[in-house]
Amino acid sequence: MSKFSGYNFANQRALIRVDFNVPLDKQTLEIKDDTRMKAAIPTIKKILNDGGSVILMSHLGRPKEGPEDKYSLKHLVARLNQLLGFSNAPSGDGGAQFADDCIGEDAKQKAAALKPGDVLLLENLRFYKEEEKGDEAFAEKLSKLGDVYVNDAFGTAHRAHASTAVIAKFFPKEKRMFGLLMEGEVASAEKVLHNSEKPFVAIIGGAKVSDKILILENLLEKATGIIIGGGMAYTFFKAAGGKIGASLCEGDRLDTAKEIMKKAAEKNVCIHLPGDSIIADKFASDADISSSLSTEIPDGWMGLDIGTMACDMFTKVILNAKTILWNGPMGVFEMECFQHGTKTIAEAVAEATQNGAFSLVGGGDSVAAVNQFGFADKVSYVSTGGGAMLEFFEGKTLPGIAAINE
Ligand code: AMP
């Protein structure tokens, strides 16, 4: 049993760092997507069911100079009440309370008065510059609000901020822990990176090689094979002397691409590039569309999706894998005419998962793709943390994880 599941929160005030950084409508300030709030509910409920109380802290958006109404977490209270099943509670009786400053007298008093089953949401942590600076005194003030510290914000685990990392040291080891969401994220990521059943195939796509160099280099130490798709593939083709027309290319990364290919050969890691591409005469959904070998793209045309041969080849590699990591789309999946490749890969990952492989999908755009194509529940794990997940797979130590484990 995990530390969190085994802990009895009865009569404890749990201070939980959640990631409630949800998108709000600019005009109405209504929540556009509550996925991140939903993700924290099992952790909150376990604590309340044990007979504990909960103090929730989060950031929202990027406030510049102190408090701004459009970044206030008060806009989340009604949805929080619904998600917790408090929707019919008369106000002040069973509904979540709100403290309009995350530190100070009001927050202190409200936290101290919490009874078992109560929930208190604190105002945006980033209304204080001290949060992002990882200020110790600020972290200590926050820590005084709870008896136990629970970090359930994987999305900010790569930041050494006051509430995500620095705060942990003000709690003894037995009173600081991951919540259920964070436990799931860390366990899946560790399984893939440190404990993968082979063959381990990583699928890396997206626009730029420059964003993915560190993850590619680290995966060369871990993976059996790496599928490279999306816009970044064309820098590799160009580096090998191919004709890529007007496809995306980072001229200053040609040597990096060559270096990665060389290292892969030395380490016996198979790099799979898309042999053919769906090409277009402009970056638009009403473009003229054709297909060609990825090394023979005519002048003025650009590769915007992987071709049918590449789909078949990648599918075979994926179906043979026992562990799969997927970050980044295979093409411009936002446009219907260039989404076939990404969809095919999603299907293959789902099928491999059904056949017993462990699959982890992470990073903003690949998560958006599996959601859009309806495959989110057909893969083993969909990570909620874009930047955090990328840094984990780059081999970096995430401050939010280290602070709990130290
Ligand atoms: P990233 O954030 O690096 O994972 O990149 C995701 C973006 O890459 C998406 O918006 C895709 O539309 C874009 N993308 C994927 N394939 C291509 C391509 N062949 N050419 C241009 N952009 C691409």
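Hydrogens, waters and symmetry mates are skipped; everything else that's a heavy atom, side chains included, is used. Both counts, for ligands and for their atoms, begin at 1 and track the order of listing.
- Taking each heavy atom of Asp135 and Ala162 in turn, the nearest pair found is O-CB, 3.9 Å.
- Between Leu390, Asp365, Leu248, it is Asp365 that holds the heavy atom closest to atom 7 (C) of ligand 1.
- For the pair Asp305 and ligand 1, the shortest N or O to N or O distance does not fall below 3.5 Å.
- Looking at Gly303 next to ligand 1, an N or O pair under 3.5 Å apart turns up.
- The number of heavy-atom neighbours closer than 6.0 Å to NZ of Lys141, taken from other residues, nucleotides and ligands shown, is 12 or below.
- Phe200 and Phe358 have their aromatic ring centers separated by at least 6.0 angstrom.
- Selection from Ala207, Ala368, Ser294, Gly231 by nearest heavy atom to atom 8 (O) of ligand 1 gives Ala207.
- Of the listed residues (His161, Arg17, Glu132), just one forms a side chain to side chain contact (heavy atoms under 4.5 Å, CB included) with Leu125, and that residue is Arg17.
- Counting protein heavy atoms only, atom 23 (C) of ligand 1 is closest to Val332 CG2, 3.6 Å.
- Taking a cut-off of under 4.0 Å to the non-hydrogen atoms of Gly230, the atoms of ligand 1 that pass are 16 (N), 19 (N).
- Near Leu304, meaning under 4.0 Å from one of its heavy atoms, ligand 1 places the atoms 19 (N), 20 (N).
- Distances between N or O atoms of Glu334 and those of ligand 1 include at least one value under 3.5 Å.
- Within a 6.0 Å radius of CD in Glu336, other residues, nucleotides and ligands contribute 12 heavy atoms or fewer.
- More than 12 non-hydrogen atoms from other residues, nucleotides or ligands lie less than 6.0 angstrom from NZ of Lys222.
- Residue contact annotation: Met232 has no non-hydrogen atom under 4.0 Å from ligand 1.
- The environment of Gln354 atom CD is sparse: at most 12 non-hydrogen atoms of other residues, nucleotides or ligands sit within 6.0 angstrom.
- Residue Lys198 places its NZ atom among more than 12 non-hydrogen atoms of other residues, nucleotides or ligands, all under 6.0 Å distant.
- From the protein, the heavy atom lying nearest to atom 4 (O) of ligand 1 is Lys212 NZ, 3.2 Å.
- At a heavy-atom distance under 4.0 Å, no atom of Met302 approaches ligand 1.
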